[in-house]
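Heavy atoms only: backbone and side chains are in, while hydrogens, waters and symmetry mates are out. Sequential numbering from 1 along the given sequence is applied to the chain's residues.
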Amino acid sequence: QVNLVESGGGSVQAGGSLRLTCAPSTVTYSIACMAWFRQAPGKEREGVAMIFTTSGKTYYADSVKGRFTISQDTAKQTRYLQMDNLKPNDTAMYHCAAGRGSCDSALWSSVGTYHYWGQGSQVTVSS
């Protein structure tokens, strides 16, 4: 079992920035991809961004392209989600997720692709 530890949420005004951080609680070499999902009240969890841990290839939801950047420090096994030009409809609980073994890029935004989840970080954007 891999526990993912998140940090970096908070409250910001529209147009501001936040950075989320996610790292496994113990060193692990089985993780093939890591992603960020978000879930607003009354809505389904949606994929925001994903990164392959080996190649560094990234994927983004259309709603965040050009504003959010997912990156990683492989030595620290830490992944980041830099969120710029935040909008009120970005308000949600953000969860990091990790997939072991292999990850199908066609299913990167599917919850079922991932085996481990973080506890969530609240991001609130005010207008």
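Here the side chains of Y59 and S109 are not in contact, with every heavy-atom distance at 4.5 Å or above. Annotation: side chain of H95 is in contact with side chain of R45 (closest heavy-atom distance under 4.5 Å). Looking only at side-chain heavy atoms (C-beta outward), M83 and V12 stay at 4.5 Å or farther from each other. Counting only heavy atoms from C-beta outward, the side chains of V123 and L18 approach each other to under 4.5 Å. Contact annotation: the side chain of R67 approaches that of D90 to within less than 4.5 Å [non-hydrogen atoms, C-beta and beyond]. Side-chain contact between Y114 and C33: present, with at least one pair of heavy atoms (C-beta onward) separated by less than 4.5 Å.
Note on M50: it clusters hydrophobically with F37, by side-chain heavy-atom contacts below 4.5 Å among ILVMFWY residues. Linking ILVMFWY side-chain heavy atoms closer than 4.5 Å, directly or via other members, places W117 and Y80 in two distinct hydrophobic clusters. The same ILVMFWY cluster, assembled from side-chain heavy atoms under 4.5 Å apart, contains both L20 and V48.
For the side-chain contact (heavy atoms from CB on, under 4.5 Å) with T21, the lone residue among L81, T78, V5 that qualifies is T78.
The two residues D84 and S17 come nearest to each other via the heavy atoms OD1-OG, 2.7 Å. Among all heavy-atom pairs drawn from Q72 and T53, the shortest one is NE2-O, 3.1 Å. The two residues Y60 and W108 have their closest heavy-atom pair at C-CZ2, 3.6 Å. Minimum heavy-atom separation, S7 to S121: N-OG, 4.0 Å. Considering all non-hydrogen atoms of both residues, A32 and C103 come closest at CB-SG, 3.9 Å. In terms of heavy atoms, W36 sits closest to I70 at CD1-CD1, 3.6 Å.
Going from atom SG of C22 over to atom OH of Y116 covers 13.0 Å, rounded to the nearest 0.5 Å. To the nearest 0.5 Å, atom OG1 of residue T91 and atom CG of residue L86 are 8.5 Å apart.
Put simply, the side chain of Q13 never gets that close to the backbone of V125: no donor and acceptor are under 3.5 Å apart. With E6 contributing its side chain and C96 its backbone, the two residues share a donor-acceptor pair below 3.5 Å.
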Under the side chain to side chain donor-acceptor pair (under 3.5 Å) criterion, do R38 and Y94 qualify, and how do the steps go? CA-CA 4 Å; R38 67 185 180 187; Y94 285 69; 3.0 Å; yes
Test log, rule side-chain contact (heavy atoms from CB on, under 4.5 Å), inputs S71 and Q82: CA-CA 8 Å; S71 62; Q82 178 67 38; over 6 Å; no
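The pair D73-R79 does not count as a salt bridge, with every side-chain nitrogen at least 4.0 angstrom from each carboxylate oxygen.
Judged by the 6.0 Å distance and 45° axis criteria, K65 is not positioned over the aromatic ring of F68.
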